[in-house]
Amino acid sequence: MQRNHLVITAVFGFVIVVFLLIEMYFYIKKIILVYDKTIGSILQNDFTSDYSMQKNNTNNGNLFQLYDTLKGKQNEQISRDIIYRSILNTIETGIIILQKQEADWDVFLMNDYFSEHFEVPKVSKWKYLKNQLPTLCDAIEEQGFQEIKTSLEISVNSQHTQTFVMQTSRAEIYGLDYFIVLLDSIQNVVEKKEKEAWVNLMKVISHELLNSITPIRSLSQNLQELVEQETISAEDLEDIRSSVGTMLRRSDLLQKFVEGYRKLAMLPSPKKEKIELQQLIENSLQIMTPLFRQNQIEVINNIPFNRELEVDSQQIEQVLINLLTNCVHALEHTADKSIFISAEAKENRLFINITDTGSGIEKEIENKIFLPFFTTRIAGAGIGLTLSKSIIEAHGGYLDFKNQNRQTTFVICLIA
């Protein structure tokens, strides 16, 4: 009887052990499945599951916390992508970003302006884009998908051709190769520049007019009060004389200001004639010689060659005199007072360089020096550089400057 009891106990114990083993198997299997599912979701960037209630689980807490952390980072990245795409879609510039895939390119992003302006669907492959815009794609392929900046005529909807400024760049990020294309209509560029020019012009005009009109109005009110008195004392007469003198001076300044704009607006077309480069330089230096001597400035002409130019000699001499005068003022507070003139010819272009040993142009005003009436001198009119730039551009060239080693060099580019 006791033996039967022991057998039953052993069987019962065995059944319990088997049951516990089965429970343990399913429990471990469940844990493994949870791990497998969670890690699989992470590897596949699938963060649709919600484990927020499981973060405090003592067994899988770290895993769920990792899942939620990565889920949060992905949501942040998605939010950034949406914001970046929204910004790119609001820009009035055609933008297309390509991504290298083995030997071919995929369209990674095309903004709304590009798609709508060129009437191109948002395709995913380069070959599909090439079917829609062969002119653009051929120009990019000819350059081997390298960085370029050029103008390009593109036919839109096979009806009319527009000129665009195309700028491309290439970047490699985490082993992925990207090619970025920016297309801006020449008309849009010109309109932006014109708008900026008008805004700057109105700022200058309003500032100068207010500087003159405000004191004149104040003095006029003062004069009105004085003349309405029954008697005018000697002191009042002196105030009247002083006020009238001040008003005349401000009026003269205002007149010069308006005349300056008239000069810019009514610049005559160049009357071109043949003249040698050295003669042009010598004529300008001869006019400036007394000022050079007075300020003890050494002028060194390093132009080793001579060349015949077809220009308006009077206008070009005026440009040279304006630039040399600026050099004189730049050398006022320097010990080494020197001006160097050099030139070089490239293809059909002639570059005349005028360098002074002054302290250079401050970075804060570099983008303002060609603005009308901008000047750093108390007695300056602020139209010399603007007028010079207009003259050179009327000759088909350009006027620019560069700062090197704390020295300023103005560059005149002319067609030789």
Side-chain angles (χ1 to χ4, degrees), residues 149-151 163 165 186 189-190 192-194 196-197 200-201 260-288 299-328 330 339-356 360-361 365-375 381-404 407-416:
K149 185 175 183 179
T150 184
S151 60
T163 304
V165 175
I186 287 288
V189 173
V190 171
K192 288 176 187 175
K193 293 295 182 184
E194 285 182 349
E196 289 175 7
N200 289 328
L201 184 63
Y261 264 109
R262 187 171 60 85
K263 284 181 183 178
L264 292 174
M266 300 178 65
L267 180 67
S269 299
K271 296 178 180 179
K272 296 182 179 181
E273 57 184 2
K274 291 183 179 180
I275 185 172
E276 292 185 346
L277 172 61
Q278 290 287 3
Q279 184 63 48
L280 195 62
I281 299 296
E282 290 301 324
N283 289 347
S284 305
L285 293 179
Q286 189 175 1
I287 295 170
M288 295 294 295
V299 180
I300 302 168
N301 184 354
N302 287 326
I303 302 177
F305 59 87
N306 204 359
R307 178 160 296 198
E308 195 173 66
L309 301 174
E310 191 168 352
V311 295
D312 188 321
S313 58
Q314 290 186 351
Q315 288 189 359
I316 300 300
E317 280 179 21
Q318 183 62 56
V319 172
L320 292 170
I321 290 168
N322 287 344
L323 297 179
L324 291 169
T325 302
N326 279 353
C327 291
V328 171
I339 298 174
F340 301 92
I341 303 174
S342 62
E344 58 178 331
K346 292 181 180 179
E347 297 177 353
N348 66 330
R349 296 278 175 175
L350 178 69
F351 298 88
I352 303 172
N353 305 309
I354 299 176
T355 305
D356 63 67
I361 297 173
I365 64 170
E366 283 183 355
N367 61 339
K368 299 179 182 178
I369 64 169
F370 289 116
L371 289 178
F373 302 99
F374 175 80
T375 181
I383 65 167
L385 286 177
T386 310
L387 189 61
S388 299
K389 191 172 187 291
S390 299
I391 289 172
I392 299 300
E393 288 175 352
H395 280 76
Y398 65 83
L399 175 64
D400 203 358
F401 73 96
K402 53 187 177 183
N403 278 329
Q404 288 182 336
Q407 293 182 351
T408 300
T409 299
F410 277 93
V411 182
I412 302 171
C413 175
L414 293 170
I415 299 174

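With values rounded to the nearest 0.5 angstrom, L285 atom CG is found 10.0 Å from L280 atom CG. Between atom CE of residue M288 and atom CD1 of residue I321 there is a gap of 7.0 Å, rounded to the nearest 0.5 Å. To the nearest 0.5 Å, atoms CD1 (I316) and CD1 (I391) are separated by 7.0 Å. T355 contributes atom OG1, which lies 10.0 Å from atom CZ of F410 (distance to the nearest 0.5 angstrom). Here the CG-CG distance, from N353 to N302, works out to 10.5 Å after rounding to the nearest 0.5 Å. For the atom pair CG of L277 and CD1 of I303, the computed distance is 4.5 Å after rounding to the nearest 0.5 Å.
By the side chain to side chain contact (heavy atoms under 4.5 Å, CB included) test, K271 is found to be paired with D312, residues two or more places apart in sequence or in another chain being considered. With sequence neighbours left out, the side chain to side chain contact (heavy atoms under 4.5 Å, CB included) criterion links E276 to Q279, N306. The side chain to side chain contact (heavy atoms under 4.5 Å, CB included) test applied to Q318 returns N322, not counting sequence neighbours. Partners of S284 under the side chain to side chain donor-acceptor pair (under 3.5 Å) rule, at least two apart in sequence or in another chain, do not exist in this structure. Checked against salt bridge (Lys or Arg N to Asp or Glu O under 4.0 Å), E282 has no partners two or more places apart in sequence or in another chain.
Of all non-hydrogen atoms in G396 and R349, the two that sit nearest each other are O-NH1, 3.4 Å. Nearest approach of S313 to I275, heavy atoms of both residues: CB-CD1, 3.9 Å. Smallest separation of non-hydrogen atoms from Q315 and H395: OE1-CE1, 3.4 Å. Minimum heavy-atom separation, F340 to I300: CE2-CD1, 3.2 Å.
In this structure, the side chain of Q278 engages the main chain of F305 through a donor-acceptor pair within 3.5 Å.
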| task | Apply side-chain contact (heavy atoms from CB on, under 4.5 Å) to the pair I412 and L323, showing each step before the final yes or no. | result | CA-CA 10 Å; I412 302 171; L323 297 179; 3.6 Å; yes
| said: Set out, in order, the CA-CA distance, both residues' side-chain angles and the distance that settles side-chain contact (heavy atoms from CB on, under 4.5 Å) for D356 and L324, then state yes or no. | reply: CA-CA 9 Å; D356 63 67; L324 291 169; over 6 Å; no
| query | side-chain contact (heavy atoms from CB on, under 4.5 Å) between I354 and L320: does it pass, once the steps are laid out? | reply | CA-CA 9 Å; I354 299 176; L320 292 170; 3.8 Å; yes
| task | Could you check E317 against I287 for side-chain contact (heavy atoms from CB on, under 4.5 Å), going step by step and ending with a plain yes or no? | result | CA-CA 10 Å; E317 280 179 21; I287 295 170; 4.2 Å; yes
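Here salt bridge (Lys or Arg N to Asp or Glu O under 4.0 Å) pairs that include residues 387-403, with residues two or more places apart or in two chains, are K389-E393.
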